[in-house]
*Asks:* 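My questions all concern the structure below.
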Amino acid sequence: MPRSPIITVSRGRFSPTAAQVLEHVRSAGRASRDEIAAASGLSIATVGRTAAQLAELGLLRERPDLARPGLTGRPGVPVEIDAEHYVTLGFHVGRRIATVALGDLTGRVLASRTVRRPLGADPDLEQLSRVGAALLGTLPDRVPLAAGLVSPWRELGLVPTEREAELRDLTGLPVRTGDHISAVAASEFLHRRHGIGGMTLYVYARDTFGWSVAVDRGVQTDVTRAASLTHFPTGSRIPCSCGRTGCLAATVPSLSPAARARTLGAVAGSVRDMLSPDRVVLVGQAFTGDPEQLDTVVGSYDEHTALDHAVPVSFTRFGADIQAISACTVALGPVLDDPQGCVETAGACRRRRGA
């Protein structure tokens, strides 16, 4: 089965000029033209022209009210993402639940709906597209630019490229796919850790178990394909559907909260030793669902890592919105890659539909 693609969360200086400007503003929250030029290496003239084009397209907006005191002229006027005109469509397909969401260009989820789906059935993307259209009807002034499709592909036996093509045909939008665990890692990195160098290891535990890493190479940051921990050995005697005993996914549901925390901490420590990252982030409700056990997780992690140098360990809590957040994060990919092209495509779609 083809594996889901790497998710790029920072494109760096090798991306098109418009993408560099938009991405820098998105990551900074707000930036003046001279700040963008200094950070990107682009000339102020180039940044000025590009920012003006992006503002005309409705992707950026000026904030002259927030200009730094003592500065005159446009180079010192901040710009920020204009989150009022466009949306992305995020689709997350899980085992029993599918989630459809609308996100703005900052990655914030504006609206979402969940749809129950039969266990083992193929995803009904036509139905989910109708749900997306209904959500768009609640925000009639918003124009969709791109879609993201996220799923635990391997666990569900699905081929992401096939589903990507189907969703592109249904929506007429650029579509980006991502594995669920990699998409969660990309969401955490994009929203909280943008600009942090080195390797960040994400260990995920909820309905699925796995890890992914974000690698910041200085000029570009990518989140790797996810690796499964479903059958990671724990030493228990609990039988697994694979025919062996002690697999992580079979063991965790049967454990007491304290035993679960110790087991997950030990697994995280073992994965850390294999990869030797610069920091570790533990994600998913199996880690974070019981706040009283967080210290137990960290204690077991420390006990089971054999490397002699410490690395920071933290937890991320996305809560019930994780499916919507991760899908909308992946949907930002086409917009950040080619913002002008996405706007042009959206305009062409609206004209064809008589909007």
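Please read all numbers here as calculations on a predicted model, not as lab measurements.
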*Asks:* With no hydrogens and no angle check, is any side-chain donor or acceptor of Ser212 less than 3.5 Å from a backbone partner on Thr224?
*Replies:*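 Judged by distance alone, yes, a pair lies under 3.5 Å.
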*Asks:* Answer yes or no: is there a donor N or O on one side and an acceptor on the other, between the side chain of Ser182 and the main chain of Ala226, under 3.5 Å?
*Replies:*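 Yes; at least one donor-acceptor contact below 3.5 Å.
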*Asks:* With Arg168, which residues qualify under salt bridge (Lys or Arg N to Asp or Glu O under 4.0 Å), at least two apart?
*Replies:*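 Glu164.
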*Asks:* Say whether, by atom type as modelled, one donor and one acceptor occur between the side chain of Arg142 and the main chain of Glu84 under 3.5 angstrom.
*Replies:*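 Yes; judged by distance alone, with no hydrogens or angles, the pair exists.
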*Asks:* Looking at every non-hydrogen atom in both residues, tell me the closest pair between Ala327 and His92 and how far apart they are.
*Replies:*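 Where Ala327 meets His92 most closely, the heavy atoms are CB-N, 4.2 Å.
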*Asks:* Show your reasoning for whether side chain to side chain donor-acceptor pair (under 3.5 Å) applies to Ser43 and Thr46.
*Replies:* CA-CA 5 Å; Ser43 70; Thr46 297; 2.8 Å; yes
*Asks:* Give, for atom OG1 of Thr50 and atom CD of Gln340, the distance between the pair rounded to the nearest 0.5 Å.
*Replies:*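 Nearest 0.5 Å value for the OG1-CD distance: 7.5 Å.
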*Asks:* Thinking salt bridges, do Arg154 and Asp179 make one under a 4.0 Å N-O criterion?
*Replies:*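 So Arg154 does not pair with Asp179 through a salt bridge.
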*Asks:* I'd like to know if Glu80 and Arg61 make a salt bridge, using a cut-off of under 4.0 Å between side-chain N and carboxylate O.
*Replies:*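 Salt bridge flag = yes for Arg61 with Glu80.
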*Asks:* Apply side chain to side chain contact (heavy atoms under 4.5 Å, CB included) to the pair Thr329 and Thr88, showing each step before the final yes or no.
*Replies:* CA-CA 9 Å; Thr329 295; Thr88 61; over 6 Å; no
*Asks:* Evaluate Thr288 against Leu282 for side chain to side chain contact (heavy atoms under 4.5 Å, CB included), listing each step before the verdict.
*Replies:* CA-CA 8 Å; Thr288 62; Leu282 307 180; over 6 Å; no
*Asks:* Identify the heavy atoms of Leu156 and Ser151 that sit nearest to each other, and give their distance.
*Replies:*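 What the structure gives for the nearest pair is CD1-OG, 3.3 Å.
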*Asks:* Classify the side-chain pair Arg279/Thr200 by whether it contains a donor and acceptor separated by less than 3.5 Å.
*Replies:*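 A donor-acceptor contact under 3.5 Å links the two side chains.
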*Asks:* Please check if the side chain of Arg33 supplies one atom and the backbone of Ala37 the other of a donor-acceptor pair under 3.5 Å.
*Replies:*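 Between the backbone of Ala37 and the side chain of Arg33 there is no qualifying donor-acceptor contact (under 3.5 Å).
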*Asks:* Within the 3.5 Å criterion, strictly below it, is a donor on Asp222 or Gln220 matched to an acceptor on the partner's side chain?
*Replies:*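 Side chains of Asp222 and Gln220: pair found under 3.5 Å.
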*Asks:* At what distance, to the nearest 0.5 angstrom, does CG of Leu42 lie from CD1 of Ile36?
*Replies:*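 Those atoms lie 9.0 Å apart.
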*Asks:* Within a 6.0 Å radius of atom CG on Asp295, are there more than 12 heavy atoms belonging to other residues, nucleotides or ligands?
*Replies:*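 Open.
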*Asks:* Please confirm whether the backbone N or O of Leu173 pairs with a side-chain atom of Thr171, one donor and one acceptor, at under 3.5 Å?
*Replies:*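 Yes, because the side chain of Thr171 sits within donor-acceptor range (under 3.5 Å) of the backbone of Leu173.
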*Asks:* Test of understanding: clusters of I, L, V, M, F, W, Y form through side-chain heavy atoms closer than 4.5 Å, transitively. Do Leu255 and Leu248 belong to the same one?
*Replies:*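 Hydrophobic grouping puts Leu255 apart from Leu248.
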*Asks:* For a 4.5 angstrom cut-off between non-hydrogen side-chain atoms, does Val21 reach Leu54?
*Replies:*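 Counting from C-beta outward, Val21 and Leu54 do come under 4.5 Å.
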*Asks:* Is Arg163 paired with Asp122 through a side-chain N to carboxylate O contact shorter than 4.0 Å?
*Replies:*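 Looking at Arg163 together with Asp122, the answer is yes, because their closest N to O distance falls below 4.0 Å.
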*Asks:* Applying a strict under-4.5 Å side-chain criterion to I, L, V, M, F, W and Y, I'd like to know whether Val215 and Val280 cluster together.
*Replies:*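 Val215 clusters together with Val280.
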*Asks:* Test side chain to side chain donor-acceptor pair (under 3.5 Å) on Thr251 and Ser236; report intermediate values, then the result.
*Replies:* CA-CA 7 Å; Thr251 299; Ser236 81; 2.8 Å; yes
*Asks:* Taking NZ, NE, NH1 and NH2 as the nitrogens, is one of them in Glu35 or Arg30 under 4.0 Å from a carboxylate oxygen of the other?
*Replies:*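 Looking at Glu35 and Arg30, the cut-off is not met.
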*Asks:* Please evaluate residues Thr234 and Val252 with respect to the criterion side chain to side chain contact (heavy atoms under 4.5 Å, CB included), reporting the C-alpha separation (whole Å), side-chain torsions for both, the decisive distance (0.1 Å), and the verdict.
*Replies:* CA-CA 9 Å; Thr234 66; Val252 164; over 6 Å; no
*Asks:* Report the C-alpha separation of Thr305 and Arg272 in whole Å, then their side-chain angles, then the decisive distance to 0.1 Å, and conclude whether the side chain to side chain donor-acceptor pair (under 3.5 Å) test is met.
*Replies:* CA-CA 7 Å; Thr305 181; Arg272 182 258 175 164; 2.7 Å; yes
*Asks:* Can you tell me how far apart CG (Asp124) and CD (Glu166) are? Round to the nearest 0.5 Å.
*Replies:*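 Asp124 CG to Glu166 CD: 8.0 Å, rounded to 0.5 Å.
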*Asks:* Measuring from Leu201:CG to Met274:CE, what's the distance to the nearest 0.5 Å?
*Replies:*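 These two atoms lie 8.5 Å from each other.
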*Asks:* Rounded to the nearest 0.5 Å, what's the gap from CG on Leu125 to CG on Leu149? Could you check?
*Replies:*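 Output value for this atom pair is 6.0 Å.
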*Asks:* Tell me the closest heavy-atom pair linking Ala185 and Val223, and the distance in Å.
*Replies:*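 Minimum heavy-atom separation between Ala185 and Val223: CB-CG1, 3.9 Å.
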*Asks:* Considering only heavy atoms from C-beta outward, does the side chain of Gln293 approach that of Phe287 to under 4.5 Å?
*Replies:*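 No, every pair of side-chain atoms sits at 4.5 Å or beyond.
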*Asks:* Would you call Arg260-Asp290 a salt bridge at under 4.0 Å N-O?
*Replies:*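 Result for this pair is no, no salt bridge flagged.
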*Asks:* May I ask you to test the Val213-Leu275 pair for a side-chain heavy-atom distance under 4.5 Å?
*Replies:*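 Answer yes - side chains close enough.
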*Asks:* Give the intermediate values and the outcome of side chain to side chain donor-acceptor pair (under 3.5 Å) for residues Ser40 and Gln20.
*Replies:* CA-CA 7 Å; Ser40 65; Gln20 290 186 57; 4.8 Å; no
*Asks:* Side-chain contact test, heavy atoms from C-beta onward, threshold under 4.5 Å: evaluate it for Val109 versus Asp321 and give yes or no.
*Replies:*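 Counting from C-beta outward, Val109 and Asp321 never come under 4.5 Å.
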*Asks:* Please give me the minimum heavy-atom distance between Pro152 and Val93, naming the atom from each residue.
*Replies:*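 Looks like CD-O, 3.3 Å.
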*Asks:* Can you give me the closest heavy-atom contact between Tyr202 and Ala214, atom names plus distance?
*Replies:*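 The answer is CE1-CB, 4.0 Å.
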*Asks:* Whether Arg11 and Asp337 form a salt bridge (side-chain N of Lys/Arg under 4.0 Å from carboxylate O of Asp/Glu) is what I want to check.
*Replies:*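 The answer is yes: the pair qualifies as a salt bridge.
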*Asks:* Might you confirm whether atom CD of Glu126 has over 12 heavy atoms from other residues, nucleotides or ligands at distances under 6.0 Å?
*Replies:*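 It does not: Glu126 CD has 12 such atoms or fewer within range.
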*Asks:* Take Thr114 and Ile97 through the test side chain to side chain contact (heavy atoms under 4.5 Å, CB included) and record every step on the way to the result.
*Replies:* CA-CA 7 Å; Thr114 59; Ile97 296 290; 3.9 Å; yes
*Asks:* So, does Asp273 use its side chain to make a donor-acceptor pair with the main chain of Ala306 at under 3.5 Å?
*Replies:*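 Confirmed, Asp273 side chain pairs with Ala306 backbone.
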*Asks:* Taking all atoms of both residues into account, what is the closest heavy-atom pair of Phe232 and Ser270, and its distance?
*Replies:*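 Looking at all heavy atoms of both residues, the shortest contact is CZ-CB, 3.8 Å.
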*Asks:* With rounding to the nearest 0.5 Å, note down the distance linking CG in Leu167 to CZ in Phe91.
*Replies:*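 Output value for this atom pair is 5.0 Å.
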